[in-house]
Amino acid sequence: MPELLQISQLGHPVLRKKAKLVKNIADKELQRLIDDMIATVIDANGAGIAAPQVYQSHRVFIISSSPSSRYPDDPEIAPMAVINPKIVSHGKEIESEWEGCLSIPGIRGLTPRWKKIKVTYSTRDGKKVSVNYENFLARVFQHELDHLDGMVFLDRLASNKDICTEKEYQKIVSKRKAKSKKV
């Protein structure tokens with residue numbers, strides 16, 4: 001039975017260290033960690049979670065998404081483990097969009113990210129994957145990869161004026177929805 005893990009918060013040193021490469025994907029402890037991370041991100045209503053966010057220095061993250069109050073426009077994505085990820089190329093277009101983080105609760109930031117990326121990684125069963133992601137999936141992938149490199153989304157902001165509280169972000173989302181209904 002998967003266990004819900006405690007999520008590290010901004011200020012804890014684990015969030016600022018580069019995570020170690022996974023050498024043995026079949027390791028039972030790693031497979032258990034993946035199961036626990038999946039349960040944790042679903043319970044927390046997150047779009048992703050990286051191993052450093054649960055106090056583990058492994059190059060592993062989970063992407064899992066469904067529409068929620070935190071991310072009302074999210075697509076439905078079944079939980080998937082991403083191991084030893086790399087961005088091998090990216091498009092030229094950069095887009096700024098609001099991001100939040102389970103390790104920085106209550107805060108959002110207008111974060112610039114590449115709109116299109118080509119990535120490689122291994123799945124939890126050891127399969128090597130090379131795939132192109134764009135828009136939401138590209139954003140989540142880059143956000144979680146940053147965690148493996150000791151960064152958080154706040155490090156990418158152009159200005160601290162690009163930060164708002166969750167309450168203000170919800171107002172922004174409501175205004176967007178109202179505007180799109182008029183169109």
Side-chain angles (χ1 to χ4, degrees), residues 1-68 70-71 74-91 99-105 111 113-156:
M1 185 87 182
E3 180 183 330
L4 294 180
L5 303 172
Q6 185 178 6
I7 298 172
S8 60
Q9 301 295 292
L10 185 64
H12 193 284
V14 71
L15 291 174
R16 295 304 191 171
K17 291 181 181 168
K18 188 168 180 155
K20 296 175 185 159
L21 278 173
V22 173
K23 292 186 185 345
N24 181 6
I25 292 174
D27 179 77
K28 287 181 183 176
E29 289 298 315
L30 179 74
Q31 291 295 321
R32 168 128 181 139
L33 173 64
I34 290 169
D35 289 337
D36 293 347
M37 288 173 64
I38 289 170
T40 301
V41 74
I42 290 169
D43 182 71
N45 259 342
I49 196 165
Q53 290 182 273
V54 293
Y55 303 94
Q56 300 293 316
S57 181
H58 301 293
R59 295 191 72 77
V60 177
F61 62 76
I62 305 298
I63 293 177
S64 175
S65 169
S66 60
S68 68
R70 287 187 74 228
Y71 299 99
D74 281 8
E76 194 74 39
I77 300 167
M80 64 179 193
V82 175
I83 303 168
N84 295 332
K86 290 181 186 169
I87 296 175
V88 294
S89 65
H90 57 80
E99 289 185 20
C101 182
L102 297 174
S103 293
I104 310 171
T111 311
R113 301 270 185 200
W114 292 306
K115 198 168 177 175
K116 295 180 180 181
I117 57 176
K118 181 175 184 175
V119 302
T120 60
Y121 62 89
S122 294
T123 64
R124 74 182 300 175
D125 61 0
K127 182 181 172 195
K128 298 275 189 193
V129 175
S130 177
V131 65
N132 295 309
Y133 288 138
E134 58 184 81
N135 301 319
F136 179 78
L137 268 174
R139 177 166 297 281
V140 175
F141 193 99
Q142 291 170 81
H143 178 107
E144 300 308 331
L145 183 58
D146 276 354
H147 279 302
L148 303 185
D149 292 332
M151 293 180 66
V152 296
F153 75 92
L154 295 173
D155 299 329
R156 295 213 177 261

How close do [X] and [Y] get, counting heavy atoms only, and between which atoms?
X	Y	answer
Phe153	Gly100	CE2-C, 3.9 Å
Ala39	Leu4	O-CD2, 3.4 Å
Arg124	Ile25	O-CG2, 3.2 Å
Pro79	Ile62	CB-CG2, 4.4 Å
Ser64	Val41	CB-CG1, 3.9 Å
Val119	Phe141	CG1-CE2, 3.4 Å

Distance from [X] atom [atom1] to [Y] atom [atom2], nearest 0.5 Å?
X	Y	atom1	atom2	result
Met1	Arg32	CE	CZ	10.0 Å
Leu102	Ile49	CG	CD1	5.5 Å
Glu144	Cys101	CD	SG	7.0 Å
Gln53	Ile7	CD	CD1	7.0 Å
Gln31	Asn24	CD	CG	9.0 Å
Gln142	Thr111	CD	OG1	10.5 Å

Tyr121: partners by ring pair (Phe, Tyr, Trp, His ring centres under 6.0 Å), with sequence neighbours left out: none
Ring pair (Phe, Tyr, Trp, His ring centres under 6.0 Å) partners of His58, counting only residues at least two apart: none
Residue pairs involving residues 23-55 (criterion ring pair (Phe, Tyr, Trp, His ring centres under 6.0 Å); sequence neighbours excluded): His12-Tyr55
Of all pairs that satisfy ring pair (Phe, Tyr, Trp, His ring centres under 6.0 Å), the ones with a partner from residues 15-46, not counting sequence neighbours: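 Non-adjacent pairs meeting ring pair (Phe, Tyr, Trp, His ring centres under 6.0 Å): zero.
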Whether Gln56 side chain and Ala51 backbone form a donor-acceptor pair below 3.5 Å: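 No; zero donor-acceptor contacts below 3.5 Å.
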Backbone of Ser8 reached by a side-chain donor or acceptor of Ser103 within 3.5 Å: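 Looks like yes, one N/O pair under 3.5 Å.
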Show me the donor-acceptor pairs within less than 3.5 Å that the side chains of residues 145-152 make with the rest of the protein, sequence neighbours left out.
unit_1, atom_1, unit_2, atom_2, d
Asp146, OD1, Arg156, NH2, 2.9
Asp146, OD2, Arg113, NH1, 2.7
Asp146, OD2, Arg113, NH2, 3.4
Asp146, OD2, Arg156, NE, 2.7
His147, NE2, His143, NE2, 3.4
Asp149, OD1, Arg59, NH1, 3.1
Asp149, OD1, Arg59, NH2, 3.0

Please identify each residue that fulfils side-chain hydrogen bond (donor to acceptor under 3.5 Å, both in side chains) with [X], with sequence neighbours left out.
X	answer
Thr40	none
Thr123	Asp125
Glu134	none

Pairs flagged by salt bridge (Lys or Arg N to Asp or Glu O under 4.0 Å) wherever residues 39-58 is involved - sequence neighbours left out: none
Residue pairs passing the salt bridge (Lys or Arg N to Asp or Glu O under 4.0 Å) test where at least one lies in residues 10-23, sequence neighbours excluded: Arg16-Asp155
Partner set under side chain to side chain contact (heavy atoms under 4.5 Å, CB included) for Glu29, not counting sequence neighbours: Asp27
Lys116 and Asn132, any side-chain heavy atoms less than 4.5 Å apart: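 No. Closest side-chain heavy atoms not under 4.5 Å.
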4.5 Å side-chain heavy-atom contact, Val54 and Asp36: no
Counting only pairs under 3.5 Å, give me each side-chain donor-acceptor contact of residues 83-91, with atom names and distances, residues two or more places apart or in other chains.
unit_1, atom_1, unit_2, atom_2, d
Asn84, OD1, Val22, N, 2.9
Asn84, ND2, Val22, O, 2.9
His90, ND1, Trp114, NE1, 3.1

